[in-house]
Amino acid sequence: MKTCRDIVDLLSDYIDGQLDPATRGEFEVHMKDCRGCLDFLASLRSTCSAVRALTCNDIPAGVHRALRTFLDREIRRDQS
Amino acid sequence: VILQAEAPLSDAELVAGLKAGSDGAFEEILRRYESKVYGLVRSLTRDDGDAQDALQETFLSIYRNIGGFREQSTLSTWIYRIATNAALMRLRRRRKDERTVPIEDYLPKFEETGRLSAETAAWPPGGDELLLRKEIAAQLREAIAALTPAYRSVFVLREQEGLSTDEVAAILGVSVPTVKARLHRARLFLRERLKEIWRGTA
């Protein structure tokens, strides 16, 4: 019989679909009877989804221009 | 006359082009990877100046070291590895990142029986809905910034950049089980840290 401590260790593998069928079976048996772990799983999953939905940092125009200027200068120096 | 669109060059073709000294190939690599690399180094360093420096160093290094790229990994893994190292180097140079906190303080707590503690299980009412709101982005970024570099690098590459566990292990030079363990602890940390930020006690 798995305890909450065992189950919490498996949460990420469960979320990522990486548990083998036997372990997943035990995981789901525990979840049926444990409100705490079930809520924990839901909130952890929401946290992961929110992170994935974060928009990535678009490159600012100034940084883009500075990169081109830097590379032109350094590459010309390499070649001379 | 119907102009046929040319098929985009594969990464392997770009590598061959750059090794042969083609400026066009370098230009295309820049176009393809500039935003990705910037997003990665900005997330890792959490600093505009460090991100700009790491970005420049990454592309100069690609240009100079392409001859030594053996193609045992994909071009993107190679580029991500250079960029990650450039960002982590800058983090190490900073004397102290006062925003990071020890992950151990935020891991789940259990009762003696192995049962989840009420404190850990607690989640604010409406918390899931709160996470769907746009305004939460700043708080999430703040929580991610509190991860120490070892955890942040795994978390950003895996969760934000969407790379596979194997790719992240290759980029960071650590084992697959290490990547999985760090990702798991980082997620647990983030959930707990968010609770603290919402309580206004972080």
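Residue numbering restarts at 1 for every chain, and letters A, B, ... go by the order of the sequence lines. FYI, side chains are in, hydrogens and waters are out, and symmetry mates aren't considered; it's all heavy atoms of this structure.
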At their closest point, which heavy atom of A:Arg5 faces which heavy atom of B:Phe110, and how far apart are they?
CA-CE2, 3.3 Å
What residue in B:Thr113, B:Leu183, B:Leu131 has the most heavy-atom pairs under 4.5 Å with chain A?
B:Leu131
Compare every heavy atom of B:Leu116 with every heavy atom of A:Cys37, then report the nearest pair and how far apart it is.
N-CD2, 4.3 Å
List the atom pairs, with distances to 0.1 Å, where a side-chain N or O of residues 119-128 of chain B and a protein N or O form a donor-acceptor pair under 3.5 Å, not counting sequence neighbours.
{"residue": "B:Thr120", "atom": "OG1", "partner": "B:Lys109", "partner atom": "N", "Å": "2.8"}
{"residue": "B:Thr120", "atom": "OG1", "partner": "B:Ser117", "partner atom": "OG", "Å": "3.1"}
{"residue": "B:Trp123", "atom": "NE1", "partner": "B:Asp128", "partner atom": "OD1", "Å": "2.9"}
{"residue": "B:Asp128", "atom": "OD1", "partner": "A:Ser46", "partner atom": "OG", "Å": "3.0"}
{"residue": "B:Asp128", "atom": "OD2", "partner": "A:Ser46", "partner atom": "OG", "Å": "3.4"}

Could you have a look at A:Ile15, A:Asp9, A:Asp13 and say which one has the most heavy-atom pairs with chain B under 4.5 angstrom?
A:Asp9
Side chain proximity check, A:Val63 to B:Arg42, heavy atoms < 4.5 angstrom
no
Please look at A:Ile7 and chain B and tell me whether the side chain, the backbone, both or neither of the residue comes under 4.5 angstrom of a heavy atom of that chain.
neither
From A:Ser12 OG over to B:Arg182 CZ, what is the distance, rounded to the nearest 0.5 angstrom?
14.5 Å
From the list B:Leu30, B:Leu132, B:Ile144, the residue making the most non-hydrogen contacts under 4.5 Å with chain A is B:Leu30
Tell me, for B:Arg185 versus chain A, whether the close heavy atoms (under 4.5 Å) come from the side chain, the backbone, both or neither.
neither
CZ (B:Arg133) with more than 12 external heavy atoms under 6.0 Å
no
Any A:Asp16 side-chain heavy atom under 4.5 Å of B:Thr165 side chain
no
Any residue of residues 66-80 of chain A which, by heavy atoms, sits under 4.5 Å from chain B:
A:Ala66, A:Leu67, A:Arg68, A:Phe70, A:Leu71, A:Glu74, A:Ile75, A:Asp78, A:Gln79
Which bit of B:Lys36 comes within less than 4.5 Å of chain A, counting heavy atoms only: side chain, backbone, both or neither?
neither
So does B:Arg81 have more than 12 non-hydrogen atoms from other groups sitting under 6.0 Å from CZ?
yes
Drop me the distance from B:Glu111's CD to A:Cys4's SG, to the nearest 0.5 angstrom.
8.0 Å
Under 4.5 Å heavy-atom distance to chain A, tell me which part of B:Ile136 shows up: side chain, backbone, both or neither.
neither
Tell me, do B:Leu188 and A:Leu44 make a side-chain contact under 4.5 Å, heavy atoms counted?
yes
Region of B:Glu192 in contact with chain A, defined by heavy-atom distances below 4.5 Å:
neither
Residue A:Asp6 versus chain B: region with a heavy atom under 4.5 Å
neither
At a heavy-atom separation under 4.5 Å, does B:Phe59 approach chain A through its side chain, its backbone, both, or neither?
both
Are A:His64 and B:Tyr38 side-chain neighbours, meaning at least one heavy-atom pair lies under 4.5 Å?
no
Between A:Thr47 and B:Arg187, is there a side-chain heavy-atom distance shorter than 4.5 Å?
no
